[in-house]
K.L.:
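Have a look at this one.
We count residues from 1, following the sequence as given.
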Amino acid sequence: MTSATTAPPGTAPKAAPRRVRRHLPASPWLFLAPGLLAVTAFSLAPFLLTVGNSFTDNRTLVPGSFVGLANFRRLLHDEMFWTGLGNSCLYVLVTVPLLVLLPLLLAMLVRRHIPGIAFFRAAFYTPVVASVVVVGLIWSWMLDDRGLVNGILEALGASPVGFLSDSTLILLSAMLLTVWKGLGYYMIIYLAVLNNVPRELHEAAAVDGAGPVRRFLSVTVPALRSTMVLVGALSSVSAFKVFSEVYLLAGENGGPAGEDTTLVQLVQQVGTGLNGRVGYASALSVVVFVITLGLMLLVLRANRKEDA
């Protein structure tokens with residue numbers, strides 16, 4: 001039978017020895033390794049491969065040879081390239097201002113605490129979570145020559161409109177689809193920032209006699225300026241790289257005579273198929289990347305000037 005030993009009176013008991021664990025210098029990289037491998041395999045490696053292919057005349061099933069800048073010189077004389085570039089830039093110029101302003105107005109409307117407003121918030125956000133393919137097919141059925149919209153127009157005595165046969169209306173319909181689908185997403189961003197705007201500023205402006213429009217321009221817009229720049233950056237990049245909306249409404253060939261083809265859709269047309277020109281499509285992809293990067297740098301520069 002053993003008895004527990006006790007420390008002499010007036011002395012503190014000895015603490016149990018602690019084991020010192022050494023952290024290996026590579027421990028953080030072990031946690032980062034899965035993410036780094038995924039980024040390298042699915043983002044960095046395809047990007048580098050695309051840049052390399054842009055200097056070759058590779059085809060889908062036929063390896064080519066190094067041609068230098070021949071693909072980029074060919075772009076300058078390609079009529080379809082200028083058509084796609086013009087359509088992509090027009091897409092940005094039309095949709096971005098709408099996606100910056102309309103979600104803000106919508107956010108100010110749904111932030112009011114009135115009965116049933118939660119239903120409208122969910123309804124406005126529903127297109128965001130819906131599949132773009134499903135939404136595009138629904139819109140194509142609605143805008144068809146014998147679709148719902150033309151059926152209503154004929155019932156009202158008006159002549160049908162060729163939403164999906166006129167080259168101008170096809171691109172405008174795709175822009176409307178992009179704006180409609182992105183309203184809810186940017187509305188949530190504005191809602192999160194609007195809650196941080198001090199109410200005292202609105203109350204002070206109201207005391208000074210400012211009306212709703214004046215308070216919106218003098219209080220709300222300055223408080224949300226950086227957020228508006230962020231929304232402009234996100235929407236401009238998405239609009240320039242648009243593909244699904246135009247593809248679903250205009251078809252694989254980009255509308256009549258390819259007049260509604262965008263740059264990303266041109267990459268798909270040139271680089272796919274058994275005889276796809278992979279080298280030329282890669283050069284187009286590099287141009288899209290450079291222009292998109294330029295848009296981001298312009299937005300960041302504007303944001304820095306605003307902060308300064």
K.L.:
How long is the gap from OG on Ser235 to OH on Tyr186, to the nearest 0.5 Å?
P.N.:
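Between Ser235 OG and Tyr186 OH, I get 5.0 Å after rounding to 0.5 Å.
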K.L.:
Is there a donor-acceptor pair under 3.5 Å between the side chain of Tyr190 and the backbone N or O of Thr227?
P.N.:
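Side chain of Tyr190 to backbone of Thr227, a donor-acceptor pair under 3.5 Å: no, none is there.
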K.L.:
Side chains of Tyr280 and Asp57: is there a donor and an acceptor less than 3.5 Å apart?
P.N.:
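Side-chain D/A pair, Tyr280 to Asp57: absent.
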K.L.:
For the pair Arg59 (side chain) and Gly276 (backbone), establish whether a donor and an acceptor sit closer than 3.5 Å, ignoring hydrogens and angles.
P.N.:
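Looks like no, no N/O pair under 3.5 Å.
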K.L.:
Looking only at heavy atoms, what is the nearest atom pair of Ala239 and Val96, with distance?
P.N.:
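Taking every non-hydrogen atom into account, CB-CG2, 4.5 Å.
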K.L.:
Let me confirm one number: the CG-CG distance from Leu143 to Leu148, rounded to the nearest 0.5 Å.
P.N.:
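Leu143 CG to Leu148 CG: 9.0 Å, rounded to 0.5 Å.
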K.L.:
Treating Glu245 as the side-chain partner and Leu171 as the backbone partner, does any N or O pair qualify as donor plus acceptor under 3.5 Å?
P.N.:
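Side chain of Glu245 to backbone of Leu171, a donor-acceptor pair under 3.5 Å: no, none is there.
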K.L.:
Using modelled atom types and a 3.5 Å cut-off, is there a donor and acceptor pairing between side-chain atoms of Thr262 and backbone atoms of Gly84?
P.N.:
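Pair absent, no side-chain N/O of Thr262 close to backbone of Gly84.
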K.L.:
Which heavy atom of Ser282 sits nearest to which heavy atom of Asn53, and what is that distance?
P.N.:
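Nearest pair, atom of Ser282 first, then Asn53: OG-CB, 3.3 Å.
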K.L.:
May I ask you to decide if Gly255's main-chain N or O and Asp260's side chain share a donor-acceptor pair within less than 3.5 Å?
P.N.:
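Looks like no, no N/O pair under 3.5 Å.
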K.L.:
State which residues pass side-chain hydrogen bond (donor to acceptor under 3.5 Å, both in side chains) with Glu259; sequence neighbours excluded, sorted by chain then number.
P.N.:
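Checked Glu259 against side-chain hydrogen bond (donor to acceptor under 3.5 Å, both in side chains); matches are Ser167.
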K.L.:
Hey, is the main chain of Pro160 close enough, under 3.5 Å, to the side chain of Asn150 for a donor-acceptor pair?
P.N.:
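Answer holds: no.
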K.L.:
Check Ala283 against Leu75 and note the closest heavy-atom contact, atom names and distance.
P.N.:
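Nearest heavy atoms, Ala283 then Leu75: O-CD1, 4.3 Å.
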K.L.:
Strictly distance-based, threshold 3.5 Å: is any side-chain N or O of Arg277 a donor or acceptor partner for the main-chain N or O of Asn58?
P.N.:
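No, Arg277 side chain to Asn58 backbone: no donor-acceptor pair under 3.5 Å.
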K.L.:
Once you round to the nearest 0.5 Å, how far does CG of Leu172 lie from CG of Leu177?
P.N.:
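Here the interatomic distance stands at 12.5 Å.
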K.L.:
In this structure, are over 12 heavy atoms from other groups packed under 6.0 Å from Phe243 atom CZ?
P.N.:
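Correct, the count exceeds 12.
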K.L.:
Using 0.5 Å steps for rounding, measure from the CG atom of Leu85 to the CG atom of Asp78.
P.N.:
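Atom-to-atom, Leu85:CG and Asp78:CG are 11.5 Å apart.
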K.L.:
So do the side chains of Leu249 and Phe163 get within less than 4.5 Å of each other, counting heavy atoms only?
P.N.:
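SC-SC contact between Leu249 and Phe163 ruled out.
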K.L.:
What do you reckon, is CG of Leu76 surrounded by more than 12 foreign heavy atoms closer than 6.0 Å?
P.N.:
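Yes, CG of Leu76 has more than 12 neighbouring heavy atoms, counting only those of other groups under 6.0 Å.
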K.L.:
Drop me the distance from Thr50's OG1 to Leu284's CG, to the nearest 0.5 angstrom.
P.N.:
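The distance works out to 11.5 Å.
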K.L.:
Shortest non-hydrogen contact from Ala107 to Leu194?
P.N.:
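Of all heavy-atom pairs spanning Ala107 and Leu194, the closest is CB-CD1, 3.9 Å.
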K.L.:
Are the side chain of Asp166 and the backbone of Gly162 linked by a donor-acceptor contact shorter than 3.5 Å?
P.N.:
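Not a single qualifying donor-acceptor pair exists.
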K.L.:
Please check: side-chain N/O of Ser88 versus main-chain N/O of Leu263, any donor-acceptor pairing under 3.5 Å?
P.N.:
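Yes.
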K.L.:
Any donor and acceptor pair, going by atom type alone, linking the side chain of Lys181 with main-chain N or O of Ala130 inside 3.5 Å?
P.N.:
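Side chain of Lys181 to backbone of Ala130, a donor-acceptor pair under 3.5 Å: yes, one is there.
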K.L.:
How about Tyr185 and Tyr125: are their ring centroids closer than 6.0 Å?
P.N.:
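No - the distance between ring centres of Tyr185 and Tyr125 does not fall below the 6.0 Å cut-off.
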K.L.:
Could you give the distance from CD (Glu252) to OH (Tyr247), rounded to the nearest 0.5 Å?
P.N.:
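Atom-to-atom, Glu252:CD and Tyr247:OH are 4.5 Å apart.
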